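Reviewing the structure listed below.
Reminder, nothing fancy here: chain letters follow the sequence lines and each chain counts from 1. Worth saying up front: this structure is predicted, and the values here are computed from it rather than measured. All values below were derived from every heavy atom in this structure, side-chain atoms included, with hydrogens, water molecules and symmetry-related copies excluded.
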Amino acid sequence: MDAVAAHPGLYDPAVSEPRLRGDRCTACSAAAFPPLRWGCQRCGAPAEQLVEDEFETTGKLLAFATVHRLPRGEVPYTIGEILLDAGPVVRARMASADGSGLRFDARVRGRLVSVGRDEESGAELVDLRFDQTEES
Amino acid sequence: MERPLAELRRVYVVGAGLHPYQRVSETPYLALGVRAVREALADAGITWNEIEAAYTGTAVMPMATSRLMYRHLGATGIPTVQVENASASGSSAFRQACLDVAAGHHDIVLACGVDKPLNVTSPHSATGVTDLVGRLVFPAVHFALLANRFMHDHRIGPEQLASVAVKNHANGARNPNAQRQKERTLQEIVEADPVVSPFTRLQCCPVGEGAAAVVVASEEAIKRAGLDRSRAIAVLSSVARSERDYGTENPDAALTREVVSSALRDAGREPRDLDVVELHDAFTIEELLYVEAMGLCDPGESAAELQRGAFHIGGRVAVNPSGGLLAMGHPIGPTGVGQICEIATQLRGEAGERQHGGARVGLAHMVGVGAVCVAHVLAVDGA
């Protein structure tokens, strides 16, 4: 059975290092993730001028924060703010759940990891986690 | 083209009242709101019959709450409306009241903030736009990301950050309307339960319930109704903006800088003219970010200036003398109106043991998720 994406539509769950599915404005060339779809935030161009685009997950770790306490849900987890080489700034989960070893401005890349089973289909559920890469 | 408030008819705060901020309880919102309004009316020395319109700041209650509350003061038939602008709902209700009077449409208007979490909604999920994190990024996480970057860039340690909460809890301990009225040591703040690094529980504002109300009036109304002119506080400017695309720049600091610089310019003031500032300190880091963005100190100097006592009551400029969101609390709708109550009280010299001596000019600042930002400059008449 094929793997299912924890965030359907935002990446291809079938490849280990997928690209992020966003869009690009043909009027001002601004790249966006998640896709803006209904109109461009930078120049106001309408939906027809936004085209689907895919971005490599490589980028720079601008900031990170580790959540220790939640009313419900699993802790700890660490959120990273990443400036993608393609332009957009995205927030995503870091592979390091407690944030250990993370450094500001480190080079990072996303990859899919197994995060459990899809409740409906029973298929493997995969999601993106970001890691620091060797070059940093 | 925008015409600043200062170019319209002069508006004054003539009355202020509060229902203490508190943990969520069985108290109906009617009881919260009606008490704050009656206090504001008594403070102004007017009756409900003289109020010509009412704006209600509320963000986490069902629709149509205004009329159902105000009828308990007498169903006078005045226009009422709810103003929802996330955490800046109360500030926005106050702004609408000021614009109403400044435009000459009404003479005496009420701005009331009232809330209790009866209908909490999630704005980002309502858009249908999904991202990679969803509800895993809540406000504390958003500000923790900003905090960690800011602390890294300016070499600020966790204890320097926690000092904001020490100051604001000490101020709240002198405020009978504050939800948190207990002084806290640096050690207590730092060692409280961790929520999101670098914030412990006592570096995050409590979200409860409460109400705040202010009466605003024109010069003519003050004369006609024979109100106490010496206690009237002038509203010099009102500015509201929403977030632009700031690239990788800190968006909350950038938005605050835009709004506060406009509010000061419209008021004909400089940052150094401010004696008291109530700002959006939902999390400790925000006070450091915003005092810098407002120009109350040089970039990167906020933690050192706080350490020197610059932002304490009696310091260079008292920041969050009420206790701020961290100690007075953040019941959402009331918060921005409560800031106006505090500034009016300080500028009247009626703040008792938390009085900042010689306070003549004050600024109120709120940020709301979205993001939006609202600021007002108030002054003793003639200051």
Item checked: Value rounded to 0.5 Å, distance of CZ in B/R244 from CZ in A/R42 -> 12.5 Å
Next item on the list: Could you tell me which portion of B/F138 (side chain, backbone, both or neither) has an atom closer than 4.5 angstrom to a non-hydrogen atom of chain A?
Entry: side chain
Checklist line | A/Q41, part contacting chain B, at a heavy-atom distance under 4.5 Å | finding: side chain
Notebook entry, point to check: Nearest 0.5 Å, what's the CG-CG distance between B/D131 and A/L20?
Noted result: 11.5 Å
Next item on the list: Report yes if the side chains of A/D105 and B/R149 come closer than 4.5 Å at any heavy-atom pair, otherwise no.
Entry: yes
Item checked: Within-4.5 Å side-chain heavy-atom neighbours: A/R93 and B/L136 -> yes
Note to self: How close do B/N148 and A/F64 get, counting heavy atoms only, and between which atoms?
What the structure shows: ND2-O, 2.7 Å
Check: With side chains defined as the heavy atoms from C-beta onward, is the minimum distance between A/R91 and B/L145 less than 4.5 Å?
Finding: yes
Notebook entry, point to check: Side chain, backbone, both or neither: which part of A/L70 has a non-hydrogen atom closer than 4.5 Å to chain B?
Noted result: side chain
Notebook entry, point to check: B/S197 and side chain to side chain contact (heavy atoms under 4.5 Å, CB included): which partner among A/T66, A/V67, A/D98, A/T78?
Noted result: A/T66
Next item on the list: Can you see which heavy atom on B/D193 is nearest to which on A/R69, and at what distance?
Entry: OD2-NH1, 3.3 Å
Next item on the list: Heavy-atom distances under 4.5 Å only: say whether A/V89 touches chain B with side chain, backbone, both or neither.
Entry: side chain
Notebook entry, point to check: Taking A/E81, A/H68, A/R37 one by one, which has the highest count of heavy-atom pairs under 4.5 Å against chain B?
Noted result: A/H68
Next item on the list: Heavy atoms only: give me the nearest A/A92-B/V133 pair and the separation to one decimal.
Entry: CA-CG1, 3.6 Å
Notebook entry, point to check: Do B/L132 and A/L10 touch side chain to side chain, with heavy atoms closer than 4.5 Å?
Noted result: yes
Next item on the list: Among the options B/H142, B/R135, B/R201, pick out the one with the most heavy-atom pairs lying under 4.5 Å from chain A.
Entry: B/H142
Next item on the list: Verify the neighbour count for atom CD of B/Q187: are there more than 12 heavy atoms of other residues, nucleotides or ligands below 6.0 Å?
Entry: no
